[in-house]
Amino acid sequence: MASPAPRRFPDGFLWGAATSAYQVEGAVATGGRGESIWDRFAHTEGAVDGGGTGDVACDHYRRWRSDVDLMASLGLNAYRFSIAWPRLFPSGAGPVNPAGLAHYDRLIDALLARGIEPVVTLYHWDLPQALQETGGWRDRDTAARFAGYARECFAAYGDRVRTWVTINEPWIIGVLGHQLGIHAPGERDLGGSVRAMHHLLLAHGLAVQALRAGGGDGRAGVAYSLFPHEPASDSAADLAATEGSDGYVNRWFLDPVLRGEYPADMWRRYESALGHPLDWVRDGDLETIAAGADFIGVNYYTTRVMRAAPDRPPFGWEVVPVPDGTPVTDAGWAIVPSALTGLLLRLHRDYPRVPLLITENGGVFDDAPADPRRVGFLRDHLVAVHEAIAAGAPVAGYFHWSLMDNFEWAMGYAPRFGLVHVDYETQARTVKDSGRYYADLIRTGAVR
Ligand code: IFM
């Protein structure tokens, strides 16, 4: 059978892979780094499967030179990584720590020297613990602190970094960290979570204002964890549950940044679940949040199939378990590449003219170095991205999650997401078949 015709991606497409500081850096007590909420949380008994912490992780803080060589050998033209806020501001505020500043300075220069564009995330969950002690994201002042930290990054690196992701996955931070307590800071309070999520969006807006005030040509966006939704049936109740959950997961974050308003249906739902107004939202906040975004960062992993569950708090709906026989990753997440096409086209329709960047996409597959399932996952998702581009969606790049196996938060080190295998005993890196497949694809600029 003839192989399918190559689907070519636009010139200038960013072919990248992503990581985040706490998941790969290790060296948590080196170079004057302060404690983060993830250090504190991971060291809490029972918080992380297998008792893992980010103390060593992939030792990327020390091995960054050879890791940049590895990226170059794969032909990546972009690398998305995050700056650890507690490396720059060990106690959240005060003078910047020169050793922390110098570390990312060298990394950025090394990337650029290899023709790899640095795409820098400012907040990928490692809040300085000192700021948690003054209320963390529940405290409005944390948004102002974030803006100060962002300003410092723009001043130090803005001559070389063009693309900034302000906040990674505000919904996950709110839900897992503040509502369900399974991520740092381990809080369980619905109101606290809604409040924290508002301050995260405010932090984004303040950072965008700071970036614009600096006068450079940098662009900024939020990386959202977006879940396409489907109803379990055509019943009115399941359709309402699906629309409601889409408000909870997706629209609550997209609408304020891109339209300057919270979705009214979800606002009512939160007020009724909490029994009081969302009085932490102050006059002028939405104007700040709607300072906007130069792109939408799309983190896509799987879908949510929803059904009504009237007795289920807080909103009377639930996610339907993945049916037997559905293709899943080793984390049990359904593999649905076509939903990525739909998601990109929906974003293009609902928030027109905003460029889209796939800031994360990947799956847990334990096989290595031969990992045919990840090769298939990568191919099928890139075909899905190509279909969206062909239908008019302005997708500017794709970042695979992840460059290498790393610390998967509360799930510890067992789930492996990498294009590159990491032996955590020796820190040896081995490129998986998926890494080689991705390198070939980048070389040709096309997927078959
Ligand atoms: O590892 C995480 C990443 O930190 C944020 N997005 C989802 C990934 C996989 O769970």
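Whatever order the structure lists them in is the order used to number ligands and atoms, beginning at 1.
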Less than 4.0 Å is my threshold; does some heavy atom of [X] fall inside it relative to ligand 1?
| X | answer |
| --- | --- |
| Asn168 | yes |
| His124 | yes |
| Trp333 | yes |

Subject >> Residue pair Asp265, Arg251: steps toward the salt bridge (Lys or Arg N to Asp or Glu O under 4.0 Å) verdict >> reply: CA-CA 10 Å; Asp265 61 328; Arg251 288 180 286 118; 2.9 Å; yes
**OP:** Using a 4.5 Å cut-off on heavy atoms from C-beta on, say whether the side chain of Val165 contacts that of Leu122.
**Re:** no
Original post:
By number and element, which atoms of ligand 1 are closer than 4.0 Å to a non-hydrogen atom of Glu169?
Top reply: 5 (C), 6 (N), 7 (C)
**OP:** Sort out for me which residue in Phe399, Tyr398, Tyr79, Phe9 forms a ring-ring contact (aromatic ring centres under 6.0 Å, His included) with Trp15.
**Re:** Phe9
Original post:
Out of Tyr301, Trp409, Phe417, who gets a non-hydrogen atom closest to atom 8 (C) of ligand 1?
Top reply: Tyr301
Original post:
Run the salt bridge (Lys or Arg N to Asp or Glu O under 4.0 Å) check on Asp367 and Arg416 step by step: do they pass?
Top reply: CA-CA 9 Å; Asp367 334 304; Arg416 291 183 178 267; over 6 Å; no
Subject >> CA sep, side-chain torsions, deciding dist, call: Trp401, Tyr301, ring pair (Phe, Tyr, Trp, His ring centres under 6.0 Å) >> reply: CA-CA 10 Å; Trp401 185 271; Tyr301 289 89; 7.6 Å; no
Original post:
Within the structure, does Glu408 bring an N/O atom to less than 3.5 angstrom of an N/O atom in ligand 1?
Top reply: yes
Original post:
In terms of residue, atom name and distance, what is the protein heavy atom nearest to atom 7 (C) of ligand 1?
Top reply: Glu360 OE1, 3.2 Å
**OP:** Start with the C-alpha distance between Arg106 and Asp109, add both sets of side-chain angles, then the distance that settles salt bridge (Lys or Arg N to Asp or Glu O under 4.0 Å), and finish with yes or no.
**Re:** CA-CA 5 Å; Arg106 287 190 290 263; Asp109 281 347; over 6 Å; no
